[in-house]
Amino acid sequence: MTAGHGSSQGLPALERVLWLREEIARHDYLYYVLDAPQIPDAAYDALLRELGELEAQHPDWIIPESPTQRVGGKASAEFGTVIHTEPMLSLANAFTDDEVIAFDRRVREAIGENAPEYAAELKFDGLAVALRYEAGTLVQAATRGDGSAGEDVTANVRTIRAVPLRLTVPQEVAPLVLEVRGEVLMLRADFDRLNARQRSLGEREFVNPRNAAAGSLRQLDPGITASRPLRFFAYGIGQVDPATGTSLPQTHLAMLNWLVTLGLPVGSHRRAIATPAGLLEFWRETLSQRHLFPYEIDGVVYKLNRRDWQTRAGWLARAPRWAIAHKFPAEEMLTVLQDITVQVGRTGAITPVAKLRPVFVGGVTVSNATLHNEDEILRKNLWIGDTVIVRRAGDVIPEVLRSLQQSRPADARPFVMPSHCPVCGSSVEREADGAIWRCVGGLFCGAQRRQALLHFAQRRALDIEGLGEKVVDQLVERGLVKTPADLFRLTQSELIPIFRAKNPAEESRAATNLLQAIQAAKQTRLERFVFALGIRHVGQEVARILAMEYGDLDPMIGEDWNNLIVRKTIIQKDNQRRRNHGEALQAVPLEGIGTEIMDSLGRFFAEPHNLGVIAALRASGVQWPVQQPVALSSVQSIGQTGPSAAGGETIFEPLPLQALTIVITGRLPTLGRDQAADMARAAGAKVASSVSKRTSWVLAGEDAGSKLPRAIELGVPIIDESEFLRRINHG
DNA sequence: GATCCTCGAGTTCC
DNA sequence: CTCGAGGATC
């Protein structure tokens, strides 16, 4: 009879707790993995409640893997960073049958096998995450981030009931380390219910299940995540310990089956396919069933099934060569073209814009779409009032494809290009055979002045942080700013009313910040300044060439541009002759800058108003380091025809990327794209903006666009950032 | 004059 | 990202 209180009552209770935990995990498995629940939700909730009550009586029995511990955890100030030991790669995309057939051909060539088998599965439209299990217990969850490092979302992922906190194998035989990769998403039905709840609470609704899932997973308070109905589906593995690695299933599909046995949900629509025709058939079949799946999918994925062949096929920059995502076509929707308005751009270009009855397409609501120019409207035969087909081209920009002529209403009317600028009333003109109408108002036109200011302040120009559309509109409206030079005369008291806020301290802080940003922008570089001026045909590239060749602004202003046009034309004609005769060529001034651009420069610098603005800017303290003019044109390729540099007193150390032309695409893991471009140029390379057969190689990062398939098509080598850095450092 | 390669300019939604 | 147009070359 000694103190039996704890043990006599405790032991059966402990057994009950252990049994409840196992039972709940079993029902989670039945529900989320096998999609075959055996008990009603109410019975499941009763089990969970009973467990909670027992644990409340015996807090020392609580373990982190208990299903009651999914909810809760405390909110954090920010997410930690997780480095992915094995980078989380993205997949190359295919949009057409031909691209899939080309993929199959490349795979067969790469592995030297004629009839490889593929695993075909769904491409979930959610967020990629990596789950790390150690000895069978979930220890960490991370988002993909940029592929090499993501955010630590462990507390949030633990609340997702489809994610097992323990793998369903005895601890002794569980893998030491197993990183499971998959997608977190929200079912369409759950999404609808969540939005209904948000509506009734007066909270903001989510635009689509993907955004809802992303927003829910990135909550700093895991309690909120717990209240959101998230799901998880595994589709692959990342890091594993060496022992597990050697005993993994041999094929991708077998590995997915193995993940199921570990208690992980895997999409059920998957199969082995032997031929490219079979892949295309799978795609068509899945597309036709798209709306039967309870979640959103944006395509299907094909992977080489045998894992040893995957290794043999290898990796290409940041995507595996042995897998491809075959995307579904952009969704097309019908809506009404309610009106066509026009916008006035920086150069006065009048651009017609379609005003659409808002339509939900490709995951967002679209109400505007550019129509490019008048000819485009005529070509597509669009009338105001027409029913039109809209889609999101690529993955972002809305596009009006065509109108349904048969349903044109009686009161439909054609678009008429306005004869006068809608903003300033100046006349609107179009060059002889140009496609674009322009307002001739120049800086008299408010729209052009506004755009000129925005251009001046933009990141690639003087980079004035905080000077965006709203502020510029206010400044122009209040008559505080007419030219860029006026920006540097602004005072604190003038700015305060612009940042009208409830709290006066906020106002003055915002004003101070803007003044500081303007102050900081005074110290700039010549190429930025020349670009910022907004001279017609002078973009970043031309501004760079000019800055290099002239070293300072005054020689540009002083240049006799009309004369240079004539001189350059003569030299080019003469070079033409020399080329035919095999003679050495003369250096051409300002390579890449022809008659039109020079004419534009000449007219800009001849305008007293422009010179006045430039003078005022410099007087306000805008300055740049003056460089030694570099005669770019004299060192470029023309000298190579003969053995010219024979005598050789001056031996130039060749730069590591000398004479290469490279193209940069996608998001690089550590470098900014501009940063990488500067490094490449410093190393002697030319950085081009599009891929051609003359491109030496393409530096590709995450989410590379159309340049990557183009590079593959042209057989241009593709490298990633680390290889890029190696080449820069070691030549 | 034709062709290929680039760059400039404009753009949507959150 | 896409289209239009400038520039170089044959």
Side-chain angles (χ1 to χ4, degrees), chain A residues 204-208 210-211 214-215 330 342-356 358-376 379 390-400 430-436 438 447-448 451-452 454-455 458 460 469 531 534-545 565 568-569 571-573 575-580 585 588-601 633 636-638 661 663 665-666 686-695 703-710 714:
Chain A
R204 243 189 64 202
E205 293 181 51
F206 296 99
V207 292
N208 57 44
R210 192 186 182 286
N211 283 12
V342 296
Q343 284 183 350
V344 185
R346 175 171 62 86
T347 62
I350 309 279
T351 309
V353 178
K355 296 288 162 183
L356 305 166
V359 59
F360 193 73
V361 52
V364 297
T365 304
V366 168
S367 43
N368 299 315
T370 177
L371 295 172
H372 300 296
N373 56 57
E374 188 183 21
D375 294 348
E376 173 104 351
R379 201 160 41 233
V390 176
R391 74 163 176 206
R392 294 219 299 159
D395 51 352
V396 265
I397 301 190
E399 182 182 13
V400 176
R430 160 156 100 161
E431 281 167 41
D433 29 73
I436 294 166
R438 285 189 153 74
Q448 293 184 55
Q451 298 297 105
L454 285 169
H455 174 81
Q458 68 154 293
R460 286 155 184 260
E469 281 188 35
F531 173 60
I535 305 166
R536 264 258 259 164
H537 300 129
V538 180
Q540 272 186 277
E541 181 63 17
V542 173
R544 229 196 69 247
I545 297 172
I565 292 174
K568 177 159 177 174
T569 315
I571 293 175
Q572 282 181 320
K573 280 225 177 96
N575 272 347
Q576 197 79 271
R577 183 189 57 78
R578 288 173 183 232
R579 220 178 263 120
N580 294 337
L585 302 181
V588 182
L590 295 178
E591 192 80 10
I593 297 178
T595 52
E596 289 290 322
I597 299 176
M598 289 195 213
D599 182 54
S600 172
L601 284 161
S633 30
Q636 53 99 44
S637 57
I638 40 179
T661 300
V663 170
T665 180
K686 182 170 158 46
V687 180
S689 60
S690 63
V691 180
S692 72
K693 61 186 175 197
R694 287 219 290 260
T695 309
D703 291 334
S706 60
K707 288 171 193 168
L708 203 53
R710 174 123 180 95
L714 294 172

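Order of the sequence lines fixes the chain letters, A, B, ..., with proteins taken first and strands second; residue numbering starts at 1 for each chain. Values reported hereafter were calculated over all heavy atoms of this structure, with side chains retained and with hydrogens, waters and symmetry mates removed.
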From CD1 of A:I597 over to P of B:dC7, roughly how many Å is that when rounded to an integer? 11 Å
When rounded to whole Å, the CG to P distance for the pair A:L371 and B:dT11 reads 11 Å
For A:R536 and A:T347, does a side-chain donor sit closer than 3.5 Å to a side-chain acceptor? no
Do any side-chain nitrogens or oxygens of A:N368 fall under 4.0 Å of OP1 or OP2 in B:dC13? yes
Closest contact, heavy atoms only, A:Q451 versus A:G345: CG-C, 3.9 Å
For atom CZ of A:F360 and atom C1' of B:dT12, their distance in whole Å: 15 Å
Could you tell me how far apart A:R438 (CZ) and B:dG8 (P) are, to the nearest whole angstrom? 14 Å
Look at the side-chain N and O atoms of A:S367 and state whether any lies under 4.0 Å from the OP1 or OP2 oxygen of B:dC13. yes
Write down the distance between CZ (A:R210) and P (B:dC14), rounded to a whole number of angstrom. 15 Å
So A:H537 and A:V542, do their side chains get closer than 4.5 Å, heavy atoms only? no
Side chains of A:P358 and A:V366, heavy atoms from C-beta outward: is any pair under 4.5 Å? no
Taking for A:G594 and for A:H372 the nucleotide of DNA chain C with the nearest heavy atom, the one nearer the 5' end belongs to A:H372
A:F531 side chain near A:H455 side chain, heavy-atom distance below 4.5 Å: yes
Got A:T351 and A:N373 here, is their nearest side-chain heavy-atom distance under 4.5 Å? no
Per nearest nucleotide of DNA chain C, the residue lying toward the 5' end, A:Q572 or A:N373, is A:N373
Is the phosphate of C:dA8, meaning OP1 or OP2, less than 4.0 Å from a side-chain N or O of A:K573? no
What's the NE2-P distance between A:H537 and B:dC7, to the nearest Å? 15 Å
Just to confirm, is there a sub-4.0 Å distance from OP1 or OP2 of B:dG8 to any side-chain nitrogen or oxygen of A:T347? no
Quick one: label A:Q576 by what it contacts on the DNA or RNA (base, sugar-phosphate, nothing), any heavy atom closer than 4.0 Å. base
Counting only side-chain nitrogens and oxygens, does A:Q540 get under 4.0 Å of the OP1 or OP2 atom of B:dC7? no
Quick one: which of C:dG7, B:dC7, B:dG10 gets closest to the side chain of A:E541? B:dC7
Per A:R579 side chain, nearest of listed nucleotides B:dA9, B:dT12, C:dT9: C:dT9
Measure the distance from CG on A:L585 to P on C:dA8 and round it to the nearest whole Å. 14 Å
For A:L590 and C:dG7, give me the distance from atom CG to atom P, rounded to whole Å. 11 Å
If you only use heavy atoms from C-beta on, which nucleotide in B:dG8, C:dG7, B:dA9 is closest to the side chain of A:V542? B:dG8
Has A:R536 got a side-chain N or O lying under 4.0 Å from the OP1 or OP2 atom of B:dG8? no
Selected nucleotide, minimal atom distance to A:E596 side chain, candidates C:dG7, B:dA9, B:dT12: C:dG7
